[in-house]
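So the structure is just underneath, and the comments pick up after that.
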Amino acid sequence: MTSSLGTLESVRGGGSVRPVPALHGYDTGLLLLRLVLGLTMAAHGAQKLFGWFGGPGLDGTGQFFTMSGYPSGRAMAVVAGVSEALGGLGLVVGLLTPLAAAAVVGTMINALAVKWGGGFFAPKGVEYELLLAAGAAALALTGPGRYAVDRILPGLRAHRLAYGVAALLLAAVMAGGVLLVRT
């Protein structure tokens, strides 16, 4: 039996019927989140790597990293740009989603550390970076949904919470390691 909410399922004990939501709504919501977050991050990576979309390119981004206390600013610019670009594109197509999300989270942890003293709200605040990190973390934990490349890969068809938790731990450890070399 179906309804506008999805499939109706019998509940044991009382013979009553309760609506079970259709998963297409969840999957469509996850796709929307992946597209917006992933394209945003890929564009930020392209700004850093290539100077696209009005970005500073590697030289300008490297100077910013140096001024922010990171050693070898240009190398850090490459790491950040590649993490954002590939992590973002991975989210867009839903490929290795927990790791793609971890790349975004790790980069945003560093962005949060750099901007932390500016308060919460823009223009110097951290709300934007925090929102990007939280969205990526949510995708790492929930998985990409059914409309993703991961769904056709044998080892990733069924997303497991453990994959997301492990990826977020990896992001935290890697971001912490990078922050330790910052002066």
Side-chain angles (χ1 to χ4, degrees), residues 30-31 33-120 122-144 148-150 153 155-156 163-183:
L30 289 170
L31 174 63
L33 179 59
R34 285 191 358 252
L35 288 173
V36 172
L37 182 64
L39 289 173
T40 299
M41 292 310 302
H44 277 279
Q47 285 182 308
K48 287 176 179 65
L49 294 171
F50 311 117
W52 295 354
F53 311 115
L58 281 176
D59 290 333
T61 304
Q63 290 172 2
F64 171 78
F65 273 92
T66 300
M67 289 184 334
S68 298
Y70 291 91
S72 187
R74 188 173 168 89
M76 290 295 182
V78 170
V79 169
V82 168
S83 296
E84 290 177 358
L86 294 182
L89 292 174
L91 290 177
V92 167
V93 298
L95 177 62
L96 302 173
T97 304
L99 291 177
V104 171
V105 169
T107 304
M108 289 300 102
I109 289 172
N110 274 268
L112 286 163
V114 169
K115 290 185 71 178
W116 192 255
F120 185 74
K124 295 181 180 180
V126 297
E127 83 277 11
Y128 178 66
E129 292 80 6
L130 186 60
L131 183 60
L132 292 172
L139 287 169
L141 295 172
T142 62
V149 173
D150 283 352
L153 298 176
L156 297 174
Y163 296 165
V165 171
L168 292 177
L169 287 173
L170 176 65
V173 168
M174 297 301 290
V178 170
L179 286 171
L180 285 176
V181 300
R182 184 173 171 238
T183 57

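For CE of Met76, the number of neighbouring non-hydrogen atoms (other residues, nucleotides, ligands) closer than 6.0 Å is greater than 12.
For the atom pair CG of Leu35 and CG of Leu91, the computed distance is 10.0 Å after rounding to the nearest 0.5 Å. If you take CE on Met41 and CD on Glu84, they are separated by 4.0 Å, rounding to the nearest 0.5 Å. The structure places NE2 of His44 at 11.5 Å from CG of Leu39, a figure rounded to the nearest 0.5 Å.
The closest side-chain heavy-atom distance from Leu58 to Phe50 is not below 4.5 Å. Residues Val79 and Phe65 are not in side-chain contact: their nearest non-hydrogen atoms beyond the backbone lie 4.5 Å or more apart. Between Arg34 and Val92, the closest side-chain pair of non-hydrogen atoms is not below 4.5 Å. Counting heavy atoms from C-beta outward, Thr66 and Tyr70 have side chains that stay 4.5 Å or more apart. Proximity of Leu95 to Leu153: side-chain heavy atoms (C-beta onward) are separated by under 4.5 Å at one or more points. Residues Tyr128 and Thr40 are in side-chain contact: their nearest non-hydrogen atoms beyond the backbone lie under 4.5 Å apart. Proximity of Tyr163 to Leu99: side-chain heavy atoms (C-beta onward) are nowhere separated by under 4.5 Å.
Every residue meeting the salt bridge (Lys or Arg N to Asp or Glu O under 4.0 Å) condition with Arg74, not counting sequence neighbours, appears here in chain and number order: Asp59.
When every heavy atom of Ala102 is checked against every heavy atom of Ala171, the shortest pair comes out as O-CB, 3.3 Å. Nearest heavy-atom pair across Gly164 and Leu141 is C-CD2, 4.0 Å. Considering every non-hydrogen atom in both Leu37 and Gly135, the closest pair reads CD2-C, 3.6 Å. The two residues Met108 and Ala133 come nearest to each other via the heavy atoms CB-CB, 3.7 Å. Nearest heavy-atom pair, Ala100 versus Gly87, reported as atom, atom and distance to 0.1 Å: CB-O, 3.4 Å. For Gly88 against Val104, the heavy-atom pair with the smallest separation is N-CG2, 4.3 Å.
Side-chain atoms of Arg182 do not come within 3.5 Å of backbone N or O of Gly69 as any donor-acceptor pair. With hydrogens and angles disregarded, a donor-acceptor distance shorter than 3.5 Å links the side chain of Gln47 to the backbone of Phe53. When atom types are taken as modelled, the side chain of Glu127 and the backbone of Ala122 share a donor-acceptor pair closer than 3.5 angstrom. Between the side chain of Lys115 and the backbone N or O of Val126, no donor-acceptor pair lies under 3.5 Å.
Listed by first then second residue, pairs satisfying side-chain hydrogen bond (donor to acceptor under 3.5 Å, both in side chains) with a partner in residues 92-108 read Thr97-Asp150, not counting sequence neighbours.
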